[in-house]
Amino acid sequence: MKRTWIHIILLMVAGLMAGRPSVAQDNVIRQLRADLLRQPDSSRYTDVLNQLGMQYHLSNTDSCFWYAVKARDIATRRGDKRGLAGALNNLSIFYALKANTKQAIEYGFKSLLLYRELEDQPNICQLLMNLSVFHYMDGMKPESNQYLYQAMELGKTLTQDSIYSLVLINYALRFEQDSTHRDSVKWALERSKEIIRRYPGSRDVYYIQALEADEWMKDGEGARAVQRINQLADKALKEGLVVVAIDMLDHIDTYRQNGYPADAIPAKEKAFAIGSRSGYLNMMLPTIASLYRYYANSSNEAKKAYYGRALWELVRKRLELKSSNYMNYLDYFLKEQELNEWELSNRVQEQKINKANMKRKSRQQLIGFLAGVLLLMGGFTYARYRSYKQLRRQERLLREMNDAISEKNQQLNIHDDFKNKLIAILARDFREPLNDIIRVSAMFRNKDMDQASMQLIIDEAVVSSRKTLVIFDNILRWIKSQLSGFVYNPAPCDLLLLFEQAIPHAEQQRIKLDIPSGLYLAGDQEMLLFINRSLLHCAVKLSAGEEPIVVRAIQEELVRVDITCTVSSFTPQMAAHLFEYRRGDDMSVTLVICKDFMDKMGGHISAEIQGVQLRLGYSLPSFS
């Protein structure tokens, strides 16, 4: 397992430099450092830092880590996705060398996402292969195989198929011990050889030939396999590929572990010598420990002491490096994890704040919308209420106007009927005096009539004419009060004098006046005289026999005038409708005129029946 793990790590390095001629690593680092000082922009500067980190990761992991962190910081600050992807790839390899596969997988996956975003197919293929290695190291074989198959599918489509060759070599290393994959492993090796032939100087050829030697070992040709491994190690040393030479020599110890009687001590001593000269002692701890144990069990005290001092020195340096403040990887990792947690917490808080802001904004919009709806509803309700009130007002006005029009129409109908009846009465009343005049005229033509008959007819004509004139005069006064130009102006009216003038000569004995002298009413003298005369005439007409008629005036808040007489067969219902027009009743016309005159003067006229006593009266204010 140790040899396979070292092979895989070295193959990752080979993948980044596939297709380039093999040059001594010191020269490459020296050249990259010189190039670093000449870079005009940050993106190219970051790219050189990443190349330096990749070159250092097998000779000085601290330098690899330092260059990767510096490249990541610059790329993050500049927003350089490609530079950031390369830095994360270097950090992934660094953590894999430190056996921290969890962190190696995390950085590798972040780098893969960036390369996918950049659509960099070769590096996507290389990262898929690396993630396959890291999952295999972490014991997750199904996931490892899945990444490896993805890398193989993508490698088929690449124009730069040297990476595909590397993927095939990884496939062969993964399944070389699985007999069920023997044919596919052979196919992968053959296909990888075909690709490598197009890229002279590629490091992949060493691993192809080493795999062939492993197959010879399985077939029982151990000596041939050991010889091939020594040849490959010598050739790698000549070309300056120190790490490749060390890895080739490690195959011999693997053969010994698998049962072939090979002497691995010379190969280990040779690898230790190469590593010591080239500065790769940090990779030689297992080899030094193995040599120390071997010579500790033998009698060679010199080599035991030599390898013991080398082991002690290497362990001391590692302990110093681990305890030094120059590069505390654990602290850095923990701080980085803490920063990641803070960043994640900040993102969560930002999401919560954004969500709260969105909720608040949505709530505000909802409240605004509801407020707008309420305002619209309020405005609509207020408009409807105003419209309703206006409609009710208009309905009330219309109803009042209709009532007024109906009342006016009713009054007009009553007045029209009254006027028609009035005209009929006038026609009837004027017919009698006209007939009397015609009779007198005919009598004068008839000279045979005696003097007494003629005088009787003339007297009847005079009485009829006088009666007609009185009626006509009353009607004229009423018509005058109905004209639009009539204006009522109350004046002092002597009540006693007005009644004395209204008493008929024939009834002076029956009518008794109980009116204080000096009592004045506020009214129209002609209207009051007409009312007094009409009420006395009505009382005389309705009274029975020769019963007296009493006129009494009482002054309270208003002056109350009562005309009392004795009547027979007169009901309260007749009294209630006495001042209304009745068809065929000539007196009703006069009483209607009296009521109209009293209304114009602001008084009240009435008729009451108490037993056989009829009381006609009116009320008016006094003039004082």
Side-chain angles (χ1 to χ4, degrees), residues 467 470-471 473-474 477-478 490 492-582 584-624:
K467 179 181 178 182
V470 171
I471 294 174
D473 184 59
N474 293 336
R477 288 177 183 175
W478 177 74
C493 300
D494 189 343
L495 183 61
L496 180 59
L497 179 61
L498 290 175
F499 267 102
E500 289 176 347
Q501 293 176 0
I503 297 175
H505 293 286
E507 304 294 337
Q508 290 182 354
Q509 299 298 325
R510 292 180 61 190
I511 298 174
K512 304 298 183 182
L513 298 178
D514 184 11
I515 300 174
S517 61
L519 182 58
Y520 289 89
L521 298 179
D524 184 85
Q525 189 168 352
E526 291 182 357
M527 289 183 180
L528 280 174
L529 183 60
F530 175 82
I531 293 171
N532 292 340
R533 186 185 296 115
S534 300
L535 293 179
L536 288 173
H537 176 71
C538 179
V540 171
K541 186 175 180 180
L542 295 176
S543 63
E546 296 297 329
E547 294 294 331
I549 299 172
V550 180
V551 179
R552 182 179 290 108
I554 302 173
Q555 185 174 6
E556 295 174 348
E557 292 183 3
L558 298 176
V559 177
R560 174 70 183 178
V561 179
D562 292 328
I563 301 173
T564 307
C565 63
T566 303
V567 297
S568 60
S569 65
F570 200 85
T571 63
Q573 186 177 6
M574 294 171 65
H577 298 281
L578 184 62
F579 294 96
E580 297 178 1
Y581 174 74
R582 293 175 299 281
D585 187 355
D586 297 339
M587 189 176 61
S588 66
V589 177
T590 302
L591 294 177
V592 168
I593 294 173
C594 291
K595 185 177 185 302
D596 187 62
F597 282 168
M598 188 56 64
D599 291 339
K600 280 184 169 54
M601 290 186 294
H604 176 69
I605 191 169
S606 63
E608 297 179 0
I609 187 74
Q610 295 179 353
V612 296
Q613 295 292 317
L614 174 64
R615 185 172 62 187
L616 303 173
Y618 61 85
S619 300
L620 279 174
S622 65
F623 195 93
S624 58

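Hydrogens, waters and symmetry mates are skipped; everything else that's a heavy atom, side chains included, is used.
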Engineer: Would you mind reporting whether I503 and L513 have side-chain heavy atoms less than 4.5 Å apart?
Structural biologist: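 Yes, at least one pair of side-chain atoms sits under 4.5 Å.
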Engineer: Listing request: all salt bridge (charged side-chain N to carboxylate O under 4.0 Å, His left out) pairs with a residue in residues 566-577, at least two apart in sequence or in separate chains.
Structural biologist: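 Found none.
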Engineer: Might you point out which heavy atoms bring D494 and Y520 nearest each other, and give the distance in Å?
Structural biologist: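 Distance-wise, the nearest heavy atoms are N-CD2, 3.6 Å.
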Engineer: What pair of heavy atoms forms the shortest contact from D599 to G603, and how long is it?
Structural biologist: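 Minimum heavy-atom separation between D599 and G603: OD1-O, 4.2 Å.
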Engineer: Find out whether I563 and I549 are in side-chain contact, i.e. whether some heavy atom of one side chain is under 4.5 Å from a heavy atom of the other.
Structural biologist: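 Yes, side chains in contact.
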Engineer: Among all residues two or more places apart in sequence or in another chain, which pass the side-chain contact (heavy atoms from CB on, under 4.5 Å) test with P490?
Structural biologist: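 Result, side-chain contact (heavy atoms from CB on, under 4.5 Å) vs P490: Y488, A522.
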Engineer: Could I get the full list of side-chain contact (heavy atoms from CB on, under 4.5 Å) partners for L558, not counting sequence neighbours?
Structural biologist: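 In terms of side-chain contact (heavy atoms from CB on, under 4.5 Å), with neighbours along the sequence ignored, L558 is linked to S619, P621.
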Engineer: Within a 6.0 Å radius of atom CD on Q509, are there more than 12 heavy atoms belonging to other residues, nucleotides or ligands?
Structural biologist: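 Not buried by this count: 12 neighbours or fewer within 6.0 Å.
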Engineer: Do the side chain of S534 and the main chain of I531 share a donor and acceptor less than 3.5 angstrom apart?
Structural biologist: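 Checked: no pair found.
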Engineer: Under 4.5 Å between any side-chain heavy atoms of E556 and I554, yes or no?
Structural biologist: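 When only atoms from C-beta onward are counted, I554 and E556 do touch, with a gap below 4.5 Å.
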Engineer: With side chains defined as the heavy atoms from C-beta onward, is the minimum distance between L528 and M601 less than 4.5 Å?
Structural biologist: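 L528 vs M601: side chains touch.
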Engineer: I'd like to check the side-chain hydrogen bond (donor to acceptor under 3.5 Å, both in side chains) partners of Q613; sequence neighbours left out, ordered by chain and number.
Structural biologist: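 So Q613 forms a side-chain hydrogen bond (donor to acceptor under 3.5 Å, both in side chains) with T566.
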Engineer: Looking at every non-hydrogen atom in both residues, tell me the closest pair between P492 and F623 and how far apart they are.
Structural biologist: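 Shortest heavy-atom contact: CB-CD2, 3.6 Å.
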Engineer: How long is the span from the CG atom in L498 to the CZ atom in F530, to the nearest 0.5 Å?
Structural biologist: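 Reported to 0.5 Å precision, the distance equals 14.0 Å.
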Engineer: What pairs with E557 under side-chain hydrogen bond (donor to acceptor under 3.5 Å, both in side chains), at least two apart in sequence or on another chain?
Structural biologist: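 Not a single residue meets the side-chain hydrogen bond (donor to acceptor under 3.5 Å, both in side chains) criterion with E557.
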Engineer: Hey, could you give me the CG/CD1 distance between L535 and I605, rounded to the nearest 0.5 Å?
Structural biologist: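 Interatomic distance, L535 CG to I605 CD1, rounded to 0.5 Å: 4.5 Å.
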Engineer: Please examine the side chains of L620 and M598, heavy atoms only from C-beta on, and report whether any two atoms are closer than 4.5 Å.
Structural biologist: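 Heavy-atom side-chain distance check passes, below 4.5 Å.
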Engineer: Do you know which two heavy atoms are closest between F597 and M527, and how far apart they sit?
Structural biologist: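 Looking at all heavy atoms of both residues, the closest pair is CG-CG, 3.9 Å.
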Engineer: Enumerate the salt bridge (charged side-chain N to carboxylate O under 4.0 Å, His left out) contacts for residues 558-570, please, sequence neighbours excluded, ordered by first and then second residue.
Structural biologist: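 Non-adjacent pairs meeting salt bridge (charged side-chain N to carboxylate O under 4.0 Å, His left out): R560-D562.
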Engineer: Tell me, please, which residues at least two apart from C538 pass side-chain contact (heavy atoms from CB on, under 4.5 Å).
Structural biologist: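 Scan of C538 (side-chain contact (heavy atoms from CB on, under 4.5 Å), adjacent residues dropped) gives L542, M587, L591, L616.
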Engineer: May I ask you to test the L536-E507 pair for a side-chain heavy-atom distance under 4.5 Å?
Structural biologist: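 When only atoms from C-beta onward are counted, E507 and L536 do not touch, as no gap falls below 4.5 Å.
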Engineer: Sort and list the pairs that fulfil salt bridge (charged side-chain N to carboxylate O under 4.0 Å, His left out) and have at least one residue in residues 606-620, not counting sequence neighbours.
Structural biologist: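 Found E608-R615.
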Engineer: How about CD on Q525, more than 12 heavy atoms from neighbouring residues, nucleotides or ligands closer than 6.0 Å, or not?
Structural biologist: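 For Q525, atom CD is not crowded (no more than 12 foreign heavy atoms under 6.0 Å).
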Engineer: Looking only at heavy atoms, which two atoms of I609 and F570 are closest? And how far apart?
Structural biologist: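 Shortest heavy-atom separation between I609 and F570 comes out as CG1-O, 3.8 Å.
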Engineer: Rounded to the nearest 0.5 Å, what separates atom SG in C493 from atom CG in L521?
Structural biologist: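 These two atoms lie 7.0 Å from each other.
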Engineer: To the nearest 0.5 Å, tell me how far I593 CD1 sits from T590 OG1.
Structural biologist: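 Reported value, rounded in 0.5 Å steps: 5.5 Å.
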Engineer: Roughly how far apart are L495 CG and S622 OG, rounded to 0.5 Å?
Structural biologist: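 Answer rounded to 0.5 Å: 11.0 Å.
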Engineer: Hey, does P516 have a side-chain heavy atom less than 4.5 Å from the side chain of Q555?
Structural biologist: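 Side-chain contact under 4.5 Å: no.
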Engineer: To the nearest 0.5 angstrom, please state how far the NZ atom of K512 sits from the CZ atom of R552.
Structural biologist: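 Result: 13.0 Å between the selected atoms.
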Engineer: Check side-chain contact (heavy atoms from CB on, under 4.5 Å) between H577 and all other residues, then give those that pass, not counting sequence neighbours.
Structural biologist: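 side-chain contact (heavy atoms from CB on, under 4.5 Å) check on H577 returns Q573, E580.
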Engineer: Any heavy-atom pair between the side chains of I511 and F499 that's under 4.5 Å?
Structural biologist: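 A side-chain contact under 4.5 Å is absent here.
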Engineer: Of all residues at least two apart in sequence or in a different chain, which pass the side-chain hydrogen bond (donor to acceptor under 3.5 Å, both in side chains) check with N532?
Structural biologist: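 Result, side-chain hydrogen bond (donor to acceptor under 3.5 Å, both in side chains) vs N532: Y618.
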